[in-house]
Amino acid sequence: MSVLLESSSTSAAMRRNFWSGVWRVMRRKPSRLVGVVLMAGFVFMGAFGPMFYPDPLPRDPNQITRPPSWEHWLGTDDQGRDVIALVVTGSRYVLLAALVTAVITVVLGTAIGLFSGFKRGRWDTVLMRLTDMKLTIPGLPLLLVLSTVWKFSSAVQMGLVLGLLSWGGVARAVRSQTLSLRERGFIEAARGLGLSTTHIVGKELLPSMAPYIAMNMLIAITGGVYSQVGLFFLGVLPYESNNWGQMLNTAVFRSGALTVPSALGFLLGPLLAILLLTLAIVLVVDAMDEIFNPRLREE
């Protein structure tokens, strides 16, 4: 019983030390706290934001493509709808698709990289050749071809396709990390004890790489956002609901936002959302890098 109590108190102390270290890292650069707040804001907006607006959004023929005002802070679109309302309601599709993209990218890339780097030999050769083939396939042209036969009617479908096209870089990076870690003493000891490959990879390697994998997932979210917004902006995908890429397409090609000053707010709305999301992820990744890197914490 005393051993269990001592182990519990030790783990509790480690958790307290970890979170106190996180707080010190955040206080060192207040901009990182801004990043966390922005990230939480986007999560809330994507999950609950559309609930605060009627579906469909009300149209006002007397407020078509109006400049920013007290009533409409970023103006209105070509149908008289509030731009901020469009950004909020369009965030769910974009963020959900980006999240699915990141999960598939990281899970698939991590699994292949870990297994390839740890097993080496024939498996490593086969998996890395497949990865190299994947990396040589141009993503955008392939997406343009797929858009002619697949309409991407849901965010999950969009995220699935983007994820399956994006795992190559993560697999290569994770393999490099695995090759470095597999020669460490604790891995050699685990192999010497005769532990299974599943145990070594799942219990020894994966926890050591968790911070690196988490940062790759955040970066993959930005890649997912850019890819889908670019496709909708180019107009190659039909859209059934509002999203940021469709807003940019409409603002530029239908409302003339690049030449009509009153439509500028319609263009700035989704651009600001993308910019703030990218800024939030960059700040959070910067904080995570210092939290999990002892050398940076000591500087």
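Heavy atoms only: backbone and side chains are in, while hydrogens, waters and symmetry mates are out. As the structure is a computational prediction, the values presented were derived from the model and not from experiment.
Taking hydrophobic clusters as Ile, Leu, Val, Met, Phe, Trp and Tyr residues chained together by side-chain heavy-atom distances below 4.5 Å, Phe44 shares a cluster with Ile221. In this structure, Leu258 is a member of the same hydrophobic cluster as Leu74, with clusters built from ILVMFWY side-chain heavy atoms closer than 4.5 Å. Residues Trp73 and Met247 share a hydrophobic cluster, clusters being chains of Ile/Leu/Val/Met/Phe/Trp/Tyr side chains in contact below 4.5 Å. Grouping the Ile, Leu, Val, Met, Phe, Trp and Tyr side chains by contacts below 4.5 angstrom, directly or via other members, places Leu276 with Leu33. Val43 and Val103 fall into different hydrophobic clusters, defined by Ile, Leu, Val, Met, Phe, Trp and Tyr side-chain heavy atoms under 4.5 Å apart, directly or through other members.
Looking only at atom types and distance, the side chain of Thr278 has a donor-acceptor partner in the side chain of Tyr226 under 3.5 Å away. Between Ser116 and Asp124, the side chains place a donor N or O and an acceptor N or O closer than 3.5 Å (distance only, hydrogens not considered).
Side-chain atoms of Arg254 and Asn249, non-hydrogen and from C-beta on, never get closer than 4.5 Å to each other. In this structure the side chain of Phe52 never reaches within 4.5 angstrom of the side chain of Val88, judged on heavy atoms. Within the 4.5 Å cutoff, no side-chain heavy atoms of Met128 are placed close to those of Met133. Annotation: side chain of Arg32 is in contact with side chain of Asp286 (closest heavy-atom distance under 4.5 Å). In this structure, Thr76 and Asp60 have side chains that are not in contact, with every pair of non-hydrogen atoms separated by 4.5 Å or more. Residues Thr125 and Arg120 are not in side-chain contact: their nearest non-hydrogen atoms beyond the backbone lie 4.5 Å or more apart. Contact annotation: the side chain of Asp77 never approaches that of Thr250 to less than 4.5 Å [non-hydrogen atoms, C-beta and beyond]. Looking at heavy atoms from C-beta onward, Leu206 lies in side-chain contact with Thr110 at the 4.5 angstrom threshold.
Between the side chain of Arg92 and the backbone N or O of Pro50 there is no donor-acceptor pair closer than 3.5 Å.
Distance CE/Met217 to CD1/Ile281: 10.5 Å, rounded to 0.5 Å. A distance of 12.0 Å separates CD1 of Ile112 from OG1 of Thr178, quoted to the nearest 0.5 Å. A distance of 9.0 Å separates CG in Leu181 from CG in Leu114, rounded to the nearest 0.5 Å. One distance of note links CD of Gln79 with OG1 of Thr65; it measures 9.5 Å at 0.5 Å rounding. Taken from CG in Leu279 to OG1 in Thr222, the straight-line distance is 12.0 Å, to the nearest 0.5 Å. The OG1 atom of Thr105 lies 8.0 Å from the CG atom of Leu162; values are rounded to the nearest 0.5 Å.
Here the closest non-hydrogen pair linking Ala257 and Leu267 is CB-CB, 3.7 Å. Taking every heavy atom of both residues into account, Leu135 and Gly169 meet most closely at CD2-N, 3.6 Å. Nearest heavy-atom pair, Asp78 versus Ser255, reported as atom, atom and distance to 0.1 Å: CB-OG, 3.5 Å. For the pair Ser166 and Lys134, the tightest heavy-atom approach, listed with the atom from each and the gap, is N-CE, 3.8 Å. Here the closest non-hydrogen pair linking Phe42 and Leu95 is O-CD1, 3.3 Å. Leu57 and Leu86 get closest at one heavy-atom pair: CD1-CD2, 3.6 Å.
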Problem set entry | Verdict with reasoning, Thr131 to Trp167, per side chain to side chain contact (heavy atoms under 4.5 Å, CB included) | CA-CA 8 Å; Thr131 302; Trp167 57 267; 3.5 Å; yes

Exercise. Does the pair Trp244 and Gln228 meet the rule for a side chain to side chain contact (heavy atoms under 4.5 Å, CB included), with working shown?
Worked result: CA-CA 9 Å; Trp244 298 345; Gln228 60 180 303; over 6 Å; no

Exercise. Do Leu164 and Leu160 pass the side chain to side chain contact (heavy atoms under 4.5 Å, CB included) test, and can you show the C-alpha distance, the side-chain angles, and the key distance before you say yes or no?
Worked result: CA-CA 6 Å; Leu164 291 175; Leu160 175 63; 4.1 Å; yes

Problem set entry | Step-by-step side chain to side chain contact (heavy atoms under 4.5 Å, CB included) determination, Val83 to His72 | CA-CA 7 Å; Val83 170; His72 304 287; over 6 Å; no

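Here Arg172 pairs with Asp132 in a salt bridge; the nearest charged N to carboxylate O distance falls below 4.0 Å.
No more than 12 heavy-atom neighbours from other residues, nucleotides or ligands sit within 6.0 angstrom of CZ on Phe48. Within a 6.0 Å radius of CZ in Arg122, other residues, nucleotides and ligands contribute 12 heavy atoms or fewer.
A ring pair (Phe, Tyr, Trp, His ring centres under 6.0 Å) with Phe253 is found for exactly one of Phe266, Phe233, Phe232, namely Phe233. Put simply, the residue from Val107, Asn216, Ile219 that forms a side-chain contact (heavy atoms from CB on, under 4.5 Å) with Val170 is Asn216.
Ser180 is linked by a side chain to side chain contact (heavy atoms under 4.5 Å, CB included) to Arg184, counting only residues two or more places apart in sequence or in another chain.
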